[in-house]
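Working notes, beginning with the structure itself.
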Amino acid sequence: MHDSVMRRMAAGAALLAWTMLATAQDFGDTPYVQTPQVVVDAMLETAKVSKNDYVIDLGSGDGRMVITAAKKIGTRGFGVDLDKRLVALANNNARKAGVADRAKFYARDLFETDLSPASVITIYLLPEVNLMARAKLLALAPGTRIVSHDYGIGDWLPDREFEMDAPGKPVGRSQKSKVLFWVVPDKVAGRWVWPVMVGGQKQQVELALKQNFQKLEATAKLDGRTVVVDEAKLTGRQVDLTLTLPELGKVAFSGLRINQALEGEMRVAGKPAPWSAVRVEILDPDHVTAPPPVIREFH
Ligand SMILES: C[S@@+](CC[C@H](N)C(=O)[O-])C[C@H]1O[C@@H](n2cnc3c(N)ncnc32)[C@H](O)[C@@H]1O
């Protein structure tokens, strides 16, 4: 069967199962569950949405996510939904809110939507649907932020997650919601080298980075001798490292990947200096080489 038909069936069946369990509102063929306004506000705040962002809401319902961003923050964006009536409602809501020029809604399958204009993606979809969309989300420009209501994206753990009160939530008894946040990671796995001056002598740092999603595992050597890696963090294209080096103590390196270089600054005893490293061996991150996730089927 065609891939997109399978996806539609799984997504449709998942939503149906959800709706059978929940007290969802039904706008016709495709039922949906609204995110309470207080959670919409928290999601936009968590993703630090600004006027300069471009928000895409996958499964946009009545349009509240993109409309709130447009009205409160001045952000531009669009939403897509399979349900044409919801799309009409969302466009009408955007007009009523006076933001129809900045917030647009299209009747479109999220899996057939070009997400490349997005700097922020918002989702309130079932975990299986999130998992189906994972490859598409990971292929976004590094640094793109993703914020989800209630559900994760399989073993791609969020950078941040919290629970909040959600009065008026139409599903569940707890009247609580989870907000989950990710930054699409760059691919930085491999071997990086750069020079440092230690005791007046130029020595070479060699850093080996393994990567699984945004998590880095780092080992480092200085002129062949192992040194302690105190921190190795990846946020989009930004790499932050702290190494304990002989004579220098803890040295912080932070930079952005540009092609096969990391360009930024280092800090020795709080004093900044330019820093640049070169990748001498490129490796695929583990999440790239791992077999695709198993998506539970719905019957
Ligand atoms: C739980 S509702 C969320 C609505 C809105 N984003 C909100 O948070 O209030 C999920 C929405 O996703 C839509 N949807 C489900 N699968 C979709 C797909 N493959 N493409 C586009 N929309 C989809 C449904 O029609 C539904 O309106």
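Quick caveat, the model's predicted, so the values are computed rather than measured. Order of appearance sets the numbers: ligands from 1, and atoms from 1 within every ligand.
- Put simply, part of Arg64 is less than 4.0 Å from ligand 1, judged by heavy atoms.
- Summarising the contacts of atom 18 (C) of ligand 1 with Asp150, Val171, Leu110, the nearest heavy atom is found in Leu110.
- Relative orientation of the Phe213 and Trp156 rings is parallel, given thresholds of 30° and 60° on the angle between their planes.
- Residue Asp81 has at least one N or O atom closer than 3.5 Å to an N or O atom of ligand 1.
- Here's the thing with Leu58: none of its N/O atoms is less than 3.5 angstrom from an N/O atom of ligand 1.
- Looking at residues two or more places apart in sequence or on another chain, you find a side chain to side chain contact (heavy atoms under 4.5 Å, CB included) between Ala133 and Leu110, Phe111, Leu137.
- Contact annotation: for Leu86 versus ligand 1, heavy atoms closer than 4.0 Å belong to the side chain alone.
- Checked for salt-bridge contact, Asp81 and Arg108 miss the test: no charged N lies under 4.0 Å from a carboxylate O.
- Polar contact check, Thr35 against ligand 1: a nitrogen or oxygen pair lies under 3.5 Å apart.
- At least one N/O-N/O distance between Asp109 and ligand 1 falls below 3.5 Å.
- Ring centroids of Tyr106 and Phe78 are separated by less than 6.0 Å, placing the two rings close together.
- Proximity to Arg108 (heavy-atom distance under 4.0 Å) selects the following atoms of ligand 1: 20 (N), 21 (C).
- Taking the six-membered ring for Trp and the full ring otherwise, the centers of Phe253 and Trp194 sit less than 6.0 Å from each other.
- Of the heavy atoms in Asp57, only side-chain atoms (C-beta onward) come closer than 4.0 Å to ligand 1.
- A side-chain donor-acceptor contact under 3.5 Å links Ser116 and Asp114.
- Counting heavy atoms under 4.0 Å from ligand 1, residue Val129 does not touch it at all.
- A salt bridge links Asp53 with Arg145: the distance from a Lys NZ or Arg NE/NH1/NH2 to an Asp or Glu carboxylate oxygen falls below 4.0 Å.
- In summary, the atoms of ligand 1 found under 4.0 Å from a heavy atom of Leu125, numbered by their order in the structure, are 12 (O).
- When all heavy atoms of Gly152 and Leu180 are compared, the closest pair comes out as CA-CD2, 4.0 Å.
- Note on ligand 1: Gln34 sits in its first shell, one or more heavy atoms being nearer than 4.0 Å.
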